[in-house]
Amino acid sequence: MICRLALLAAIALLPACRDQAAGGGGGARGQIKVVGSSTVYPFTAIVAERFLADTPGARPPVIESTGTGGGMRLFCSGIGAAYADIADASRRMKRSEYELCARNGAGDLLEIQIGVDGVAFAESREGPGMKLTPADLYRALAAAPGGKPNRASVWRDVNPALPDVPIRVYGPPATSGTRDTLAGLILARGCEQVDPTAAALHRRDPDAFAVRCERMRDDGAYVDAGENDNLIVQKLAANPTAIGVFGYSYLQENTATVRGLPIAGVAPSRATIADGSYPGARALYIYVKKAHLGAVPGLRQFLAHYAAAWGVNGPLARRGLIAAPDAVQARSAAIIRNETPLDPRELQ
């Protein structure tokens with residue numbers, strides 16, 4: 001019998017049904033499954049450790065670092081034992097991603113902001129001490145700044161005040177939420193600073209704006225270093241004139257070897273990210289399938305452990321997470337407590 005898991009019946013059917021998506025295996029799954037952001041991964045891993053310590057007999061959650069975009073595709077592929085319960089995300093879910101979830105029966109979701117982070121730009125402590133602006137980064141990294149192919153090869157090509165060293169930026173792949181944030185917060189802002197028609201284009205035709213302002217060059221100046229942020233830190237140590245892009249928590253962990261670069265005169269720090277003055281500040285999220293809450297053992301308890309850990313003096317803050325404002329924490333805790341679904345009309 002092919003088991004069809006309707007949202008209203010999922011809690012009752014999931015443990016007993018024969019899940020065809022799992023290759024004909026049993027429909028029940030005895031452990032929590034998480035996919036998504038490499039930035040959020042270490043925070044979810046800490047919550048998993050605390051959950052296991054406090055939950056006798058629980059099986060270890062399976063947590064995969066796939067990048068936000070890749071994780072959303074996996075997460076939104078369906079409901080049932082074959083599909084993840086939680087998606088870690090270093091940006092907000094896109095409307096198109098929600099629509100994929102909804103088409104596959106997984107549209108009833110909890111959206112939980114777990115804290116705040118920043119897209120940090122860093123260099124080796126032996127580096128030249130770069131001071132950048134969004135306009136500099138747009139001119140250096142956009143595929144076609146001003147509508148023309150990007151020919152800049154050294155930083156001095158984009159700003160005479162910058163050093164005469166090659167443009168080499170190690171960063172996350174296209175599937176990463178950090179990459180999306182780099183494009184949407186930094187390159188887009190720089191584009192609007194140097195192109196007087198960009199803001200109007202953004203309002204009129206967001207897709208055309210994305211092509212003009214957010215598309216990354218692919219000629220070697222920007223190097224896709226995968227989802228392993230520690231690898232980027234290693235590359236900076238080997239190449240002192242290069243720049244790396246990763247979440248602030250990785251910068252904080254590696255201050256002995258790398259230093260953060262100021263953007264528009266504002267250095268990345270807990271204070272500047274928390275108050276939003278740092279241009280790369282962003283929210284971090286987890287998304288949870290409501291249909292799985294009563295079907296996957298321990299999932300509700302896991303979320304309660306998350307809420308207990310994200311405070312300003314909590315274990316996630318000690319790992320590098322910047323606590324969200326009190327009002328945001330209270331709202332997220334209420335979403336968990338009341339199992340309040342996301343309103344997709346809020347998404348872009």
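- Counting non-hydrogen atoms of neighbouring residues, nucleotides and ligands closer than 6.0 angstrom, the CG atom of N313 reaches no more than 12 such neighbours.
- The backbone N or O of L347 lies less than 3.5 Å from a partner atom in the side chain of R95, making a donor-acceptor pair.
- Taking CZ from R50 and CG from L316, the interatomic distance works out to 8.0 Å, rounded to the nearest 0.5 Å.
- In this structure, OH on Y278 lies 6.5 Å from CD1 on I273, to the nearest 0.5 angstrom.
- A 4.5 Å side-chain heavy-atom check between Y138 and R189 finds every atom pair outside the cut-off.
- Put simply, the side chain of R168 gets close to the backbone of G220: a donor and an acceptor are under 3.5 Å apart.
- The aromatic rings of F302 and F51 sit perpendicular to each other, their planes meeting at more than 60°, with 30° as the lower class boundary.
- Residue-environment remark: CD (E126) stays at or below the threshold of 12 foreign heavy atoms within 6.0 Å.
- Taking each heavy atom of G115 and Q113 in turn, the nearest pair found is O-NE2, 3.2 Å.
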Would M216 and L187 count as a side-chain contact (heavy atoms from CB on, under 4.5 Å) here? Give the steps. CA-CA 9 Å; M216 202 80 68; L187 296 195; 3.8 Å; yes

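- Taking OG of S277 as the start and CD1 of I263 as the end, the distance is 12.5 Å to the nearest 0.5 Å.
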Worked verdict on L109 versus C101 for side-chain contact (heavy atoms from CB on, under 4.5 Å): CA-CA 9 Å; L109 304 174; C101 271; 4.1 Å; yes

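- A single hydrophobic cluster is seen to contain both I86 and V40, as judged by linkage of ILVMFWY side chains at heavy-atom distances under 4.5 Å, directly or through other members.
- Side chains of R212 and T197 form a contact here, defined as non-hydrogen atoms less than 4.5 Å apart.
- Interatomic distance, OH of Y83 versus SG of C76, reported as 12.0 Å (0.5 Å rounding).
- Using modelled atom types and a 3.5 Å distance limit, the side chains of R282 and T178 yield a donor-acceptor pair.
- Counting heavy atoms from C-beta outward, L52 and P60 have side chains that approach closer than 4.5 Å.
- Shown here is D326, whose CG atom has no more than 12 heavy atoms of other residues, nucleotides or ligands within 6.0 Å.
- Put simply, the side chain of L100 does not reach to within 4.5 Å of the side chain of M72, judged on heavy atoms.
- Checked by atom type and distance alone, the side chain of R270 pairs as donor or acceptor with a backbone atom of L321 at under 3.5 Å.
- Between the side chain of R179 and the backbone N or O of P172, at least one donor-acceptor pair lies under 3.5 Å.
- Without hydrogens or angle criteria, E123 side chain to G129 main chain gives a donor-acceptor distance under 3.5 Å.
- Annotation for P61 and A48: closest pair CG-CB, 3.9 Å, computed over non-hydrogen atoms.
- For the pair N150/L141, no side-chain contact is recorded, criterion being any heavy-atom separation below 4.5 Å from C-beta on.
- In this structure, the side chain of T68 does not engage the main chain of G36 through any donor-acceptor pair within 3.5 Å.
- For A120 against L251, the heavy-atom pair with the smallest separation is CB-CD2, 4.0 Å.
- A 4.5 Å side-chain heavy-atom check between S332 and W310 finds at least one atom pair inside the cut-off.
- Inter-residue side-chain proximity for F121 and M130 is flagged as unmet; no heavy-atom pair is nearer than 4.5 Å.
- Partner of D85 under the side chain to side chain donor-acceptor pair (under 3.5 Å) criterion, chosen from K33, R29, K289: R29.
- Residues V223 and V233 share a hydrophobic cluster, clusters being chains of Ile/Leu/Val/Met/Phe/Trp/Tyr side chains in contact below 4.5 Å.
- For the pair I114/V47, no side-chain contact is recorded, criterion being any heavy-atom separation below 4.5 Å from C-beta on.
- Scanning both residues, P262 and G265, for their nearest heavy atoms gives CB-C, 4.1 Å.
- Annotation: the span from Y250 atom OH to N228 atom CG amounts to 7.5 Å, rounded to 0.5 Å.
- Here the OH atom belonging to Y287 is positioned 8.5 Å from the CD atom belonging to E97, to the nearest 0.5 angstrom.
- Side-chain N/O atoms of Y306 and T44 include a donor and acceptor closer than 3.5 Å.
- V211 is not connected to V194 by any chain of hydrophobic side-chain contacts under 4.5 Å among Ile, Leu, Val, Met, Phe, Trp and Tyr, and they are in different clusters.
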Taking it one step at a time, do V119 and I186 satisfy side-chain contact (heavy atoms from CB on, under 4.5 Å)? CA-CA 9 Å; V119 176; I186 304 297; 5.6 Å; no

